[in-house]
There are 2 protein chains.
Amino acid sequence: MTTSSYAVLALLDLRAWTGYELTNQAQRSLRYAWPKSERLLYSEPKKLVARGYATTHKEQTGNRTSNVYEITEAGREALAAWTRTRTHAPRIEVEALLRLLFADHGSIEDLQRVLDELEADIGEQHDSVVELMASYFDSGHPFPDRTHLSVLFATFQIETLQSILRWIEFARSEIDQWPTTKDLGMTERTEALTRLLGEGQFDLNRAQPADD
Amino acid sequence: MTTSSYAVLALLDLRAWTGYELTNQAQRSLRYAWPKSERLLYSEPKKLVARGYATTHKEQTGNRTSNVYEITEAGREALAAWTRTRTHAPRIEVEALLRLLFADHGSIEDLQRVLDELEADIGEQHDSVVELMASYFDSGHPFPDRTHLSVLFATFQIETLQSILRWIEFARSEIDQWPTTKDLGMTERTEALTRLLGEGQFDLNRAQPADD
DNA sequence: CCGCTATTACTGCAACTTGCAGTAGCACTA
DNA sequence: TAGTGCTACTGCAAGTTGCAGTAATAGCGG
């Protein structure tokens, strides 16, 4: 049982879903905590059935069938046991940062473009969370009893996404001071930042460029 | 060619490495931007050789051999072409948030433990970045000309990690107001947060609990 | 009422990735 | 001299992704 299996099992604990509904629900609500492919989300419930944590039956809509999955008592027990295990550390993949680390291969403009793309991607995520919250406010939550959890979750998203957007502005203001991406090394500014960081004193809001 | 292939190719552009050195370097310096397994990092340079982007030869240390990889001109061209492609959107996996979303399966104490574990994991990453910066300040960067890039990268890490630590404190103060994890639904507090979030006005620092 | 597009509802498969076990030499030390 | 830890990898099963493919239904314009 992987974490993804438990994620699907937790959804099944809310109600019975078809495979199709499950993929949609997981892509909508879990996307920013546990992003998994549609393909996997179709496979997971089958594994749950094989382990006895769910049952399945087919339902007809005219000539087309869908697979409905329901959690079993053994499934609920497995879920309770999962709750008591150690969580895994977060895993964060940001290709834009990889490009930054190797930005001396390219030009200042290349690096600025990378920041623009990161801003676009993060801004999109940010807006979609804001939209979701607006819809909760207007039309309520699909599982009203669980609103408090979704909303606290959303505060995490908004806080970290905004923090990334703030960093992008900071990075732009730093890069604007660079004559080139290459061979800068330990400038006065970099030395000052390194000292702040090494002393645990770095704070974006207090670290605006010395020479603006 | 995957992004991981280009990450390894970019390392090879800095200098020649043995497979062993490559895994260590990638785990150390790329871990927080592009976390990849040791196993993969041993395989990638072989694929680069197969594509003509790197060459390899064996070196002896007594009775033991190691594989040394070097970038080719074709490799440098591939790297330059990569620089011009669109970056992928960040991908963030946080199991602790998955637990939060389904916290109504367990107790308040379970949820508090999850936050403690997240704090420990994030705190560890934070401290290791601070340590790395302290070492740059004291003994310099392994590639001095590239210090400015590593340091700007580190400001991202510190800013976002601190922002997560701030959120953990916020989440704790919210959860302390909950009598239970279940069936809270749309309380006054949750409604107020939902409104702020839906209007794009949420700010952790201004959102301290109304009734402390 | 017919063709078109969008949505519903999946499956197969190759390629990518991880975690773990296993192999083996070398360096240091109790 | 046995044990521990580091160097330096490889094999393999299982997890995961992206893409292509299949097929039925619903709604709409003409």
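This is a predicted model, so every value here is computed, not measured.
With a 6.0 Å cutoff to the six-membered ring centre and a 45° limit on the axis angle, R15(B) counts as a cation-pi contact of W17(B). In this structure, R99(B) is positioned above the aromatic face of W82(A), its NZ or CZ under 6.0 Å from the six-membered ring centre and within 45° of the axis.
Shown here are the side-chain hydrogen bond (donor to acceptor under 3.5 Å, both in side chains) partners of Y42(A), two or more places apart in sequence or in another chain: there are none. Scanning for side-chain contact (heavy atoms from CB on, under 4.5 Å) contacts around E117(B) gives R86(A), T87(A), R113(B), with sequence neighbours left out.
Environment of CD in E199(B): crowded, with over 12 heavy atoms of neighbouring residues, nucleotides or ligands closer than 6.0 Å. Within 6.0 Å of NE2 on H57(A) lie more than 12 heavy atoms contributed by other residues, nucleotides or ligands.
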Could you please spell out the steps behind the side-chain contact (heavy atoms from CB on, under 4.5 Å) verdict for L152(B) and F170(A)?
CA-CA 9 Å; L152(B) 187 53; F170(A) 170 76; 4.0 Å; yes
Chi angles and distances behind the side-chain contact (heavy atoms from CB on, under 4.5 Å) call for L97(A), Q157(B)
CA-CA 10 Å; L97(A) 293 178; Q157(B) 301 302 320; 3.8 Å; yes
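The side-chain hydrogen bond (donor to acceptor under 3.5 Å, both in side chains) test with S5(A) singles out one residue from K47(A), E44(A), R51(A), and that residue is E44(A).
Near DNA chain C, meaning a heavy atom under 4.0 Å away, there are no residues from residues 82-95 of chain B. The stretch residues 7-40 of chain B touches DNA chain D through T18(B), G19(B), Y20(B), R39(B), each having a heavy atom under 4.0 angstrom from the strand. The stretch residues 43-69 of chain A touches DNA chain D through E44(A), T61(A), G62(A), N63(A), R64(A), each having a heavy atom within less than 4.0 Å of the strand.
Taking the six-membered ring for Trp, F143(A) and F102(B) have ring centres at least 6.0 Å apart.
Under a 4.0 Å N-O distance rule, the pair R76(B)/E73(B) qualifies as a salt bridge. Between D110(B) and R84(A) there is no salt bridge, since no side-chain N of the basic residue sits under 4.0 Å from a carboxylate O of the acidic one.
The footprint of chain B on DNA chain D, defined by a heavy-atom cutoff below 4.0 Å, extends from dT7(D) to dT17(D).
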